[in-house]
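Dropping a structure here in structure tokens format, bear with me for questions.
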Number of protein chains: 2
Amino acid sequence: MTEQTGARGRSVTTRPLPKSHRTRERILDAAARVLSRKGYAGTRLQDVAAEAGLQAPAIYYYFGSRDALIAEVMYVGAHRVRGHVSDVLAALPEGTGAMDKILAAIEAHLRYELLISDYTTASVRNAGQVPVEVRERSAAEEAAYSHMWRDLFEAAIAADALRPDLDPNLARFLILGAMNWAAEWWDPGHRTLDDLVKATQDLVLGGIGRH
Amino acid sequence: MTEQTGARGRSVTTRPLPKSHRTRERILDAAARVLSRKGYAGTRLQDVAAEAGLQAPAIYYYFGSRDALIAEVMYVGAHRVRGHVSDVLAALPEGTGAMDKILAAIEAHLRYELLISDYTTASVRNAGQVPVEVRERSAAEEAAYSHMWRDLFEAAIAADALRPDLDPNLARFLILGAMNWAAEWWDPGHRTLDDLVKATQDLVLGGIGRH
DNA sequence: GTCTATATGCTGATAGAC
DNA sequence: GTCTATCAGCATATAGAC
């Protein structure tokens, strides 16, 4: 949970990341992969260690417990998606319209979600299966992300860019659900990411845009 | 996997369902509940038995193994949804349009999915976590259901009811994803089912309908 | 930092009484 | 049909060498 190691700069070195940091990241990636495929109860430290190229007890040097490792995976995935979408929105030109912001958020969400799909599917598949204590930090992160989307929709309503008879909360959940689920079925070898982004934007635009 | 007991009519009785059949169903419902909350690896026979009101070894009278029980849960959920939507479509008036059929299928899917939501969430959350052997029967059922939806979209294309630039496969996956995910967040105490059905139909209609 | 060895607890499954 | 008793296997976590 807390960082037991970090960039401490033990000596003057040219490496930007200390070895311990990189090992920790490798364990985290391995845990995301195992967690997404085997689920919370099925995530064995032995499997995580094998994916990361070390032995199970070594994990305890970086994480206090199995639950702490899993909690970190859930948190990191949610945190990074929110950070990415937030950055993209912040970089948009000043006068960008409310609906264009939603479309940009959709593209940013899909691209980043599918880029770190192990974290995404781990989070999506296990959100309801992980014990509450383990989910606390990631749940807070997801709430903040959800709040961000609500703001986008409310700005669109204020700008009169949405259909007046629309229930923005239901629509938001449906759209986020459709996107989150994409990590489960989207096959890069079959459809390009650009096609998926466009299909999602088209569905949303036609569905909630005034016309 | 195979039915070890069933409606055998051991003697003339007024009860429509033999006790063994009802107990089996109770175990199945309990397993769906536990599977949806704890996941594949976390589903303990002890917990299933407790939910069903009996001891763990009694489960072996009805199911050959833990995997056989879980496979049956996954299969039954998918099978019943497909049967329900299929029945609803079959009962539609002769001249029902292709787009109205899709809207009817959406309503039928959502209503049944949320009615047996333990089976639905069990299936959705564990589809990618359950071993392939255990998933075989339910995967075949889901493929058949997916095929049914593809037919609905192809009929709509043939009737020129869809936007010409639409990728029907991507749209189908996005819509089914949005619906399946509803079992995860929809709260009956907060929004009515009618509202959810309408919101989904509106999103889909505006999104893929010609206008 | 990472390893080997090990203590401890829990789970699926079977045997056999009732 | 359902129970109690029990076996065998496996996973987390710790101890301690290197």
Side-chain angles (χ1 to χ4, degrees), chain A residues 1 3-11 13 15 17-28 30-31 34-35 37-73 129-131 133-134, chain B residues 1 3-11 13 15 17-28 30-31 34-35 37-73 129-131 133-134:
Chain A
M1 202 68 86
E3 287 209 9
Q4 296 179 15
T5 63
R8 257 177 288 166
R10 185 186 319 228
S11 63
T13 168
R15 288 206 305 234
L17 293 174
K19 185 190 174 191
S20 68
H21 189 287
R22 276 182 291 125
T23 304
R24 190 179 193 275
E25 200 72 16
R26 218 173 61 233
I27 293 172
L28 219 49
V34 175
L35 184 60
R37 283 157 180 67
K38 302 293 184 64
Y40 170 70
T43 296
R44 285 162 215 149
L45 294 181
Q46 204 179 357
D47 296 342
V48 174
E51 288 256 13
L54 36 73
Q55 297 300 314
I59 294 174
Y60 285 89
Y61 180 80
Y62 299 94
F63 300 91
S65 70
R66 174 182 174 279
D67 275 355
L69 168 61
I70 292 175
E72 182 85 0
V73 170
Q129 294 177 353
V130 162
E133 322 91 61
V134 179
Chain B
M1 201 69 85
E3 288 208 9
Q4 296 179 16
T5 63
R8 258 178 287 167
R10 186 187 319 227
S11 63
T13 168
R15 288 205 305 235
L17 293 173
K19 185 190 175 192
S20 67
H21 190 286
R22 276 182 292 125
T23 303
R24 191 179 193 276
E25 200 72 16
R26 215 172 64 232
I27 293 172
L28 219 49
V34 174
L35 185 60
R37 282 156 181 67
K38 301 293 183 65
Y40 170 70
T43 297
R44 283 162 270 202
L45 294 182
Q46 204 179 358
D47 296 343
V48 174
E51 287 258 11
L54 35 72
Q55 298 300 314
I59 294 174
Y60 285 89
Y61 181 81
Y62 299 95
F63 300 91
S65 69
R66 173 182 175 277
D67 275 355
L69 169 61
I70 292 175
E72 181 85 359
V73 169
Q129 295 178 353
V130 162
E133 323 89 62
V134 178

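No hydrogens, no waters, no symmetry mates; every other heavy atom, side chains included, goes into these values. Just so we're on the same page: letters track the sequence lines, and every chain starts at 1. Bear in mind that the values here come from a model prediction, so they are computed numbers and not experimental data.
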Original post:
For Arg26(B) and dG1(D), what is the distance between atoms CZ and P respectively, to the nearest whole Å?
Top reply: 13 Å
Original post:
How many angstroms lie between atom OH of Tyr40(B) and atom CG of Asp67(B), to the nearest 0.5 angstrom?
Top reply: 3.5 Å
**OP:** Using a strict cut-off of less than 4.0 Å between a Lys/Arg side-chain nitrogen and an Asp/Glu carboxylate oxygen, indicate whether Arg24(B) and Glu72(B) qualify as a salt bridge.
**Re:** yes
**OP:** Kindly point out which of dT2(C), dT2(D), dA13(C) is positioned nearest to the side chain of Tyr62(B)?
**Re:** dT2(D)
Subject >> Leu45(B) CG - dC10(C) P separation (whole Å) >> reply: 16 Å
**OP:** Examine dT11(C): is either OP1 or OP2 under 4.0 Å from a nitrogen or oxygen in the side chain of Gln46(B)? Give yes or no.
**Re:** yes
Original post:
What's the CZ-C1' distance between Phe63(A) and dT12(D), to the nearest Å?
Top reply: 16 Å
Subject >> Rounded interatomic separation in angstrom, taking CG from Leu69(A) and P from dT12(D) >> reply: 10 Å
Original post:
Roughly how far apart are Leu45(A) CG and Gln55(A) CD, rounded to 0.5 Å?
Top reply: 12.0 Å
Original post:
Between the main-chain N or O of Thr43(A) and the side-chain N or O of Arg66(A), is there a donor-acceptor pair closer than 3.5 Å?
Top reply: yes
Original post:
Which whole-number value in Å describes the distance from Arg44(A) CZ to dC10(D) P?
Top reply: 10 Å
**OP:** Assess whether side-chain contact (heavy atoms from CB on, under 4.5 Å) is satisfied between Tyr62(A) and Leu28(A), documenting all intermediate values.
**Re:** CA-CA 10 Å; Tyr62(A) 299 94; Leu28(A) 219 49; over 6 Å; no
Original post:
Looking at Gly64(B) and Ala68(B), what are the two nearest heavy atoms and their distance?
Top reply: N-CB, 4.2 Å
**OP:** Give the rounded distance in Å between these two atoms: CD of Glu25(A) and P of dG1(C).
**Re:** 16 Å
Measure all distances between protein nitrogen or oxygen atoms and nitrogen or oxygen atoms of nucleotides 14-18 of chain C, and list the pairs falling under 3.5 Å.
none

Original post:
Please give, in whole Å, the distance from dT14(D) C1' to Arg66(A) CZ?
Top reply: 17 Å
**OP:** Return the value, rounded to whole Å, for the distance between atom CD1 of Ile70(B) and atom C1' of dT11(C).
**Re:** 13 Å
